[in-house]
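All of these numbers come straight from a predicted model, not from anything done at the bench. Order of the sequence lines fixes the chain letters, A, B, ..., with proteins taken first and strands second; residue numbering starts at 1 for each chain.
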Number of protein chains: 2
Amino acid sequence: MASPSPLPRLRRSTLGDDVYETITALIMEHTLAPGDRINIDALARQLEVSATPVREALARLESDGLVRKRALAGYAVSPLLTRAEFMEMFDMRLVLEGAAARWAAARAGTDTKQQILREATDIVAPAPEGADGWPAHAAFTKLDAQFHQLIAGAAGNPLLRDGIARLHAHLHIHRLYFPFAQMGTTAQEHQRIALAIEAGDEQQAETAMHDHLNRARERHLAAFG
Amino acid sequence: MASPSPLPRLRRSTLGDDVYETITALIMEHTLAPGDRINIDALARQLEVSATPVREALARLESDGLVRKRALAGYAVSPLLTRAEFMEMFDMRLVLEGAAARWAAARAGTDTKQQILREATDIVAPAPEGADGWPAHAAFTKLDAQFHQLIAGAAGNPLLRDGIARLHAHLHIHRLYFPFAQMGTTAQEHQRIALAIEAGDEQQAETAMHDHLNRARERHLAAFG
DNA sequence: CTAGGAAATATCCTATAGGATCTGAATATC
DNA sequence: GATATTCAGATCCTATAGGATATTTCCTAG
């Protein structure tokens, strides 16, 4: 037997890391709903840890923008976006994801481009068991996020990828409040983006991404009454 | 006497907030240099606080990207950017600050536009006491950052402003390692940006900002050998 | 019934203590 | 001399305790 590859490090995380991930998930799943006060002591009891790692996790989440701190009064989940904030976020998406599409068209390798095309196609048939309504919507939302995340990664700039991820975390929290997606229309929009990226056409990729985002914005605006 | 306006809240921050700001300043001033290990206990002793608010401040700074954590081994100041990272950061600046210039041209009010013009002019005479060399460089760097920050604010999108601020924090850490600025050239570039913004010419504002950033990139590349 | 104040309780924040793990120096082995 | 092992001390992480502050509840006066 040749020399074995080194064993993977068994553990390089702490309780604080676990708590951070747990709280993030609680927020994403709306167990901690937007605007909710976060009771540190109660949460620590539920998680069966002391308040110390909970506080540290919340400090990180504050800088992530997912929670807000009021000194001496504790933390709360960041509220749902106002209509104005929603518009600002889409403006920012236009800037960042437009650039991501452009750079992906310029830089992505063949394998990645094929994967982007596959993801654009997969979105049409998201529900594996003929599910309908909310489960279909959830599956679609997940695939939509994967598609955008894939392009963000394909752009080849970690700062851009992280910036888009931050926006998507906020967007994800809002998914319960958005109207059910129009999957056919979105799929076509995704495919136009993917085809432009595959063709290496930077300008067309950006235009298609802008088109998609602007239409998504209009679709989502119904949630703001 | 009409009803008095409510008195300002006397204090709405905690020791942890103070520690966060102190550590940020230590990093910005290179008292904690890039790559340095951060000894939590020693730092807590120096600051005459317990380790608790220090750990919380570091948790926030981790999410800010200014420090990195290695579980069970503690924190270190994020290292200086590699050449590749520096290039990625400038690509990101082109995207974000290009958009900021465009939006500022479209949205800024007359007062703000005048202020932008003033700041572009002020950068020519940064040293109040005929100082030379490093103090002039420091003063220039500060005014340069103010100019960019002003435009980011004038863009009217808080997400964009925050994104640019994050980039600038990283850039600021590197200022000790960059060549002395060519103030005359930079002033001209700033003025071109400011004039385009004042004129409300979005495209020209973005082009001028791109031009400025690309030239700044070239000037700074000497620091990478 | 409403408003204001006081008291009780809960929560937040920080210091301290202690166990787990890491780091670096000293020592042993080849 | 180079490398591996051991060990002591330092450091990190988390739990606990206690004081400060905020929030909630209760009571009283108008």
**Q.** A/T186 and A/R215, any side-chain heavy atoms less than 4.5 Å apart
**A.** no
Q. Under a 4.5 Å cut-off applied to non-hydrogen side-chain atoms, are A/E119 and A/Q149 in contact?
A. no
Listed pairs under 3.5 Å, donor-acceptor, residues 86-93 of chain A side chains, sequence neighbours left out:
from  : atom 1 : to     : atom 2 : distance (Å)
A/D91 : OD1    : A/R217 : NH1    : 3.2
A/D91 : OD1    : A/R217 : NH2    : 3.0
A/R93 : NE     : A/E97  : OE2    : 2.8
A/R93 : NH2    : A/E97  : OE2    : 3.1

Q.
In this structure, how many angstroms lie between the P atom of C/dA15 and the CG atom of B/L43, rounded?
A. 13 Å
**Q.** Pairs touching residues 101-111 of chain B that satisfy side-chain hydrogen bond (donor to acceptor under 3.5 Å, both in side chains), sequence neighbours left out
**A.** B/R102-B/E206
All N/O pairs under 3.5 Å across the protein-nucleotides 10-14 of chain D interface:
from   : atom 1 : to    : atom 2 : distance (Å)
D/dT11 : OP1    : B/N39 : ND2    : 2.5
D/dT11 : O5'    : B/N39 : ND2    : 3.3
D/dC12 : OP1    : B/I38 : O      : 3.3
D/dC12 : OP2    : B/I40 : N      : 3.0
D/dC13 : OP1    : B/L72 : N      : 2.9
D/dC13 : OP2    : B/R55 : NH1    : 2.7
D/dC13 : OP2    : B/R55 : NH2    : 2.8
D/dC13 : O5'    : B/R55 : NH2    : 3.2
D/dT14 : OP1    : A/L15 : N      : 2.5
D/dT14 : OP1    : A/G16 : N      : 3.1

Q.
Using 30° and 60° as the class boundaries, would you call the ring planes of B/H148 and B/H190 parallel, tilted or perpendicular?
A. perpendicular
